[in-house]
Amino acid sequence: MGLILLEALGAGLVFILIVWWTMFSGRKKGELHDDDEAANGNGPDEKKDLPPKA
């Protein structure tokens with residue numbers, strides 16, 4: 001019984017380590033954005049599939 005609990009604790013620690021690693025292993029200042037897209041108004045927020053409004 002104790003061995004099962006020890007194995008479950010080890011699996012939980014490995015799971016927490018993986019989650020921690022994926023949360024904090026990105027870029028230091030977040031995602032990089034292309035300044036040219038933002039200046040031209042072609043950013044990711046633009047809805048390109050919709051027809052122009054009349």
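Just so you know, residue 1 is the first one in the sequence shown, and it goes up from there.
Here the CG atom belonging to L17 is positioned 9.5 Å from the OG1 atom belonging to T22, to the nearest 0.5 angstrom.
The neighbour count for I4 CD1, taken as heavy atoms of other residues, nucleotides or ligands under 6.0 Å away, does not exceed 12. Heavy atoms from other residues, nucleotides or ligands lying under 6.0 Å from CZ of F24 number more than 12.
Tracing side-chain contacts under 4.5 Å through hydrophobic residues (I, L, V, M, F, W, Y), one reaches F15 starting from M23; they form part of the same cluster.
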